[in-house]
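Below, each value reflects all heavy atoms present in this structure, side chains not excepted, and no hydrogens, waters or symmetry copies.
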Amino acid sequence: MMMTLLVVGVVTGALLIGAAWGVYGRLGRRTESFLVALAGGALLLSVTSELIEPSLERSPLWIGAVGLMAGASLFALIEYCLDTYVASESGGGLLAAIVADGIPENLALGVALIAAGPMETAALAGSILLSNLPEAAGGAKEMQKSGRSNVATFGMWAMAAVVLAAAAIGGNVLLSGVSEDWLSGLRCFAAGAVVASLAMEVFPKAYREKWHWVGVATALGVMMAFGLGQLGK
């Protein structure tokens, strides 16, 4: 449990570091695009290798397929509701989007830690950390543009960090006794939500400047995740 808390603390702590960077530091648009694409590539590979593949090795294909599609569909529905009914430029809308994006990732991290040692989840944890940094930095800057003070902006990100840490710890503790088939389905459910977030949020954000180096950054993120994954073997 101590190692689980340490991993979760490092990953969610990246939100606070990124928020501080966005509020008090400087972040160029191309630098942000590069970092987001890097994180997206890392997360894409780690979700596949650390969540989907192990699930399909231990349970029937249909369980993984149902979980994957259910997770992607739920994320798409949440995003639709946020885009339709919540003002994206407002502090509340941004916070809702942050939590909606982050819960599947942190739930996936918590579930992955059930059946694997800390080193085996290094790729997933590292990828989530990489994605949290630029997401928090960019989101904090957007909150400032909407008129929020530095203190209020950082406070909202701190609240998001607490919620997402609770999701990871809850996923690890509350789901530790479920059967392998249910665990596989839950892993794939979380993976589906993360894959949908990559398609709808991460990669479009990375390429919004039409800067073609984001393709190289994505490939670099894949290689970084692959290297981290080798630590557990």
For [X], all residues meeting side chain to side chain contact (heavy atoms under 4.5 Å, CB included), sequence neighbours excluded:
X: L133; answer: A14, I17, L129
X: A168; answer: V8, N106
X: S73; answer: none
X: L77; answer: C81

Q: Mind running side chain to side chain contact (heavy atoms under 4.5 Å, CB included) on F34 and L220 for me, showing each step along the way?
A: CA-CA 10 Å; F34 188 90; L220 181 59; 4.2 Å; yes
Within this structure, what is the [atom1]-[atom2] distance for the pair [X] and [Y], rounded to the nearest 0.5 Å?
X: L183; Y: S55; atom1: CG; atom2: OG; result: 7.0 Å
X: E79; Y: L74; atom1: CD; atom2: CG; result: 10.5 Å
X: I78; Y: S197; atom1: CD1; atom2: OG; result: 11.0 Å
X: T218; Y: L43; atom1: OG1; atom2: CG; result: 11.5 Å

Q: Might you work through the side chain to side chain contact (heavy atoms under 4.5 Å, CB included) test for M200 and F75, ending with a clear yes or no?
A: CA-CA 10 Å; M200 299 172 66; F75 183 87; 4.0 Å; yes
**Q.** Residues clustering with F154 (ILVMFWY side chains joined when closer than 4.5 Å, directly or via others)
**A.** L16
Q: Would you mind listing the cluster partners of V66? Hydrophobic ones only (ILVMFWY), side-chain contacts under 4.5 Å, chaining allowed.
A: W62, I63
Minimum heavy-atom separation for [X] to [Y], with atom names?
X: V202; Y: G40; value: CG1-CA, 3.8 Å
X: L45; Y: F226; value: CD2-N, 3.4 Å
X: L56; Y: L61; value: CD2-CD1, 3.9 Å
X: A140; Y: A19; value: CB-O, 3.8 Å
X: A37; Y: A217; value: CB-CB, 3.8 Å
X: W211; Y: S33; value: CE3-CB, 4.4 Å

Q: Starting from the C-alpha separation in whole Å, work towards a yes-or-no answer on side chain to side chain contact (heavy atoms under 4.5 Å, CB included) for T48 and E53.
A: CA-CA 6 Å; T48 302; E53 287 184 356; 4.2 Å; yes
Mind checking whether [X] and [Y] sit in one hydrophobic cluster, side chains of I, L, V, M, F, W, Y counted as touching below 4.5 Å?
X: L15; Y: V162; answer: no
X: M224; Y: V214; answer: yes
X: M156; Y: V23; answer: no

Q: Apply side-chain hydrogen bond (donor to acceptor under 3.5 Å, both in side chains) to Y207 and list each qualifying residue two or more places apart in sequence or on a separate chain.
A: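 Once residues adjacent in sequence are excluded, the partners of Y207 under the side-chain hydrogen bond (donor to acceptor under 3.5 Å, both in side chains) criterion are H212.
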Q | Qualifying residues under side-chain hydrogen bond (donor to acceptor under 3.5 Å, both in side chains), relative to S59, sequence neighbours excluded | A | D181, S184
Q: Given side chain to side chain contact (heavy atoms under 4.5 Å, CB included), test N150 with Y24 step by step and report yes or no.
A: CA-CA 8 Å; N150 290 350; Y24 301 107; 3.7 Å; yes
